[in-house]
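First the proteins, then the strands, lettered A, B, ... as listed; each starts at 1. Bear in mind that the values here come from a model prediction, so they are computed numbers and not experimental data.
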2 protein chains.
Amino acid sequence: MAAETEEPTARQQAVLDAVLSLMVEEGDKLTMTAVARRASCSKETLYKWFGDRDGLLAATVRWQAARVRAGRYDRPTLDIAALRDSLKGFAATWLTVISSPTSIALNRLAIGHAASRKSNLGGIVLENGRFAIGERLRPVLEAGREAGLLAFDDSETAFRSFFGLVGRDVQIRLLLGDILSLGRDEIERDAARATDQFLALYGRTESAPEA
Amino acid sequence: MAAETEEPTARQQAVLDAVLSLMVEEGDKLTMTAVARRASCSKETLYKWFGDRDGLLAATVRWQAARVRAGRYDRPTLDIAALRDSLKGFAATWLTVISSPTSIALNRLAIGHAASRKSNLGGIVLENGRFAIGERLRPVLEAGREAGLLAFDDSETAFRSFFGLVGRDVQIRLLLGDILSLGRDEIERDAARATDQFLALYGRTESAPEA
DNA sequence: GGAATGCCGTACCGTACGTTACGGTTCGGC
DNA sequence: GCCGAACCGTAACGTACGGTACGGCATTCC
């Protein structure tokens, strides 16, 4: 019922964190009874606060999304080094997010829910994941274009190529249960590689094939 | 119990097709009773043939995989035009597969199963999807390198970049329920773009940043 | 022709889980 | 000190579904 738009109370946040931890640890044992036990609250309270199971899950997704979105990025820059750093930072952040156990569990849940029709968790996850990062990266790309550092017709197309170069097969493999440990070093290296490749494709100083 | 390695009988194939159709149409209503009704067989037969629910699902995944794997590709080529065509063909095939309702439903199922531990459908899907196409593309890439058309240290790394340029955000968006219609024209265009970008990054005649 | 086998349809069983109900406890306001 | 509200813990209910059992029918084998 609540948590539709308003901020959840501290106690409710604790409950949602319990859902997240349970989701990560137990995977599919995400039963209302288990949540109540983990959060040390009664099922009656869960239903009073969140309406039903889907409401609880939706609130959990939103709660985690709000937490991830906390990361901020500075305004568009001008020289190529700053642009590269900015892109690399985005790439590293994105890789860190999608390889985190929380993200994996959350996406699995949302994808499972997308199979049925009700309560599109998938939409919420997309809105706060893939689309949110796209919206945040767009001004960077367009500033790069205005500064004569990048060349592209459509920023969305350019972003999607960047997205592909960064993520490659990582997310789908993790979601399907592949063991794919991404350490900090590996993420940094992959982020740098993806950024260099993107600049090779869309940078003004290099060859620039059109999309 | 059966269908572990041997080919399923015609009647069993009909059952597995029923599972697939039900999976695509109903999403999560994939109950044993529903399968039996759709396939006009008894539940007893289902359990006799496939052991339990997971066995049925595993057999279904294998059955669909065998069908997809039917597509064959000619041996490595030598000139740049043939290489480009070959890559473009792979890209278009891959996009067609991942955007098909069957693939979406199957991957959703496998991802949901990956949350729990038992019976890794995820492994089977990975093995017959992502990894199978990688193995098939590798000789093409290596032939291209030997012919002096491509430059890369590790064919796996090169392939993963190609994979990212082709798929981008398509699969995760579809899995999360985003409406993203990929027509034949769009697939052809995307495949061509991804191939050109890949060749720009790894082709010998262009700039070749190292991975 | 009769027995056996394979399979369909359906009824049945046990369990897990979402949801509700209720008794007991804590706590803020008067 | 008393009242009501909020909430915890747990019991109880209804249902959905995986899995099993059984009666009937068709086909095949002797």
### Task
Walk me through it: do B:H113 and B:D54 pass the test side chain to side chain donor-acceptor pair (under 3.5 Å)?
CA-CA 9 Å; B:H113 248 62; B:D54 279 347; 2.8 Å; yes
### Query
Which of parallel (below 30°), tilted (30 to 60°) and perpendicular (above 60°) describes B:F152 and B:Y202?
perpendicular
#### Entry: nucleotides 3-21 of chain C: protein proximity per nucleotide (B base, S sugar-phosphate only, - neither; heavy atom, under 4.0 Å)
----SBB--------SBB-
### Task
Could you state the atom-to-atom distance from CD of A:Q12 to C1' of D:dC7 in whole Å?
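Spelled out: CD on A:Q12 to C1' on D:dC7 is 13 Å.
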## Note on the structure
Whole-Å distance, B:L57 CG to D:dC17 C1', equals 14 Å
### Task
Answer yes or no: is there an ion pair linking A:R138 with A:E135, defined by an N-O contact shorter than 4.0 Å?
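Result for this pair is yes, salt bridge flagged.
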### Query
What residue among B:R37, B:M32, B:K48 forms side-chain contact (heavy atoms from CB on, under 4.5 Å) with B:K43?
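With B:K43 as partner, side-chain contact (heavy atoms from CB on, under 4.5 Å) holds for just one option, B:M32.
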### Query
Does the ring of B:F163 carry B:R130 above it, NZ/CZ under 6.0 angstrom from centre and within 45° of its axis?
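Cation-pi check for B:R130 and B:F163: passes.
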